[in-house]
There are 2 protein chains.
Amino acid sequence: MILSTKGRYGLKAAFELSKNYGFGPVPLKKVSEKYGISESYLEQLFAKLKKSGYIDTVRGPQGGYLLAKPPEEITVGMILRTLEGEITTSDCLSKEVCSRESICATRVIFEKIEKSINDVIDNITLADMYEEQKNILLEGKNEQEALS
Amino acid sequence: MILSTKGRYGLKAAFELSKNYGFGPVPLKKVSEKYGISESYLEQLFAKLKKSGYIDTVRGPQGGYLLAKPPEEITVGMILRTLEGEITTSDCLSKEVCSRESICATRVIFEKIEKSINDVIDNITLADMYEEQKNILLEGKNEQEALS
DNA sequence: GCAATCCCTACTATTTCAGTAGGGTATACT
DNA sequence: AGTATACCCTACTGAAATAGTAGGGATTGC
């Protein structure tokens, strides 16, 4: 599996916050219950996202988590990299350990794989996800459930 | 890291065999020394590739490993999947555990990531890698080293 | 003041990774 | 027939990552 639960849960949770963007903070409990994710585990994921500046928090009653920027400015890549680390395929791409880099045919393959992933995740924002979900649901004629 | 040493070593090793395609078997020791990979570890990777039908073996002196098919017929995806397992991003894509599949926005993202990876690895053969390496080296005017 | 909420650190069981170890079997060559 | 070369196979292992759990502490709205 390319992505661990960190990235998968984290993206779902971030998307949840983006749906509530402009309507105040969402408490952790609500998100964890909705997606069936352990509260404490999700808390750790949110802590990382906060540290990276993608979400803010409000403490006390009526508090919770909220996006620190509009959904248009947060990409899937930002979320996944924060939680999963840099998306790499091989040491020799990031570090200078490959002594024969000019002739390494596998290196080219690894670069292509990395590039294809990064092209996807860096060009989809949370706002795009929302739009896409709306479209899917309009087709399915199930808008009620879709935007819940 | 998306790929473990299994996939990375395995692809390098398979490429090595492809360069020798038509010239008889290559002993394990030669490959492991050339790439600095543990002999016993590489042996286990070759065992999997053999089980999948991508390589053959010849025992005894002058024996070794060789591709079971022409390099044109072996894709990077075949090698990587054999060694790393299916390239997936999320449970809900392969199994039927996602109860709300029609409305899951993250599911769409995961599908796109998977597709982009599979598009790359399923459309590059070992023969393509060889061609690419030749081109790189012609540009670098270092053909001698390149095809070694 | 108290309940709801986030904050922070430490612990843990399980699995995967990246090998190591050590024997066994087939076969080309002499 | 013997021997060295090579593949074959299984089991073991230290280290790290995964996917949480546990439990207390600090804010703050009401």
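Below, chain A is the first sequence line, B the second, and so on; all start at residue 1. Just so you know, these numbers use all the heavy atoms, side chains as well, and skip hydrogens, waters and symmetry mates.
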Euclidean distance, atom [atom1] of residue [X] to atom [atom2] of [N] [Å, nearest integer]:
X       : N      : atom1 : atom2 : answer
A:Arg59 : D:dT27 : CZ    : P     : 6 Å
A:Ile55 : C:dC7  : CD1   : C1'   : 12 Å
B:Glu39 : D:dT5  : CD    : C1'   : 11 Å
B:Asp56 : D:dA6  : CG    : P     : 18 Å
A:Ile37 : D:dT21 : CD1   : P     : 12 Å
A:Leu83 : D:dG20 : CG    : C1'   : 15 Å
B:Leu42 : C:dT20 : CG    : P     : 12 Å
A:Leu28 : D:dT21 : CG    : P     : 13 Å

*asked:* Would the base of C:dC6 count as contacting A:Glu43 through its side chain, where contact means a donor and an acceptor less than 3.5 Å apart?
replied: no
*Answer yes if the side chains of A:Ser116 and A:Asp119 hold a donor-acceptor pair under 3.5 Å, and no otherwise.*
no
_Electrostatic pair B:Glu16-B:Lys12, nearest N-O below 4.0 angstrom_ = no
Do the side-chain N or O atoms of [X] get closer than 4.0 angstrom to the phosphate oxygens (OP1, OP2) of [N]?
X       : N      : value
A:Tyr9  : D:dT18 : no
B:Thr57 : D:dA6  : no
A:Lys50 : C:dC7  : yes

*Nearest 0.5 Å please: distance from the CD1 atom of B:Ile124 over to the NZ atom of A:Lys112.*
4.5 Å
*If you find the nucleotide of DNA chain D closest to B:Pro61 and the one closest to A:Leu3, which residue's nucleotide is nearer the 5' end?*
B:Pro61
*Under 4.5 Å between side-chain heavy atoms, hopping through other hydrophobics if needed: is there a path connecting B:Tyr21 to B:Leu17?*
yes
_Common cluster, A:Leu83/A:Leu66, ILVMFWY with side-chain heavy-atom separation under 4.5 Å_ = no
*asked:* Regarding A:Phe46, tell me which of base, sugar-phosphate or nothing describes its non-hydrogen contacts under 4.0 Å with the strands shown.
replied: nothing
*Taking the side chain of B:Arg8 as its heavy atoms from C-beta onward, which of C:dA18, D:dG29, D:dC8 lies nearest to it?*
C:dA18
*Looking only at side-chain atoms of A:Ser38, point me to the closest of D:dT21, C:dG19, D:dT27.*
D:dT21
*Would you sort out whether A:Leu126 and A:Met78 count as a side-chain contact (heavy atoms from CB on, under 4.5 Å), showing the intermediate values?*
CA-CA 10 Å; A:Leu126 296 180; A:Met78 291 172 182; over 6 Å; no
*Which class fits the ring pair A:Phe15 and A:Tyr130: parallel under 30°, tilted 30 to 60°, perpendicular over 60°?*
tilted
Pairs under 3.5 angstrom, nitrogen or oxygen only, protein versus nucleotides 9-17 of chain C, please.
{"from": "C:dC17", "atom 1": "OP2", "to": "B:Lys6", "atom 2": "NZ", "distance (Å)": "2.7"}

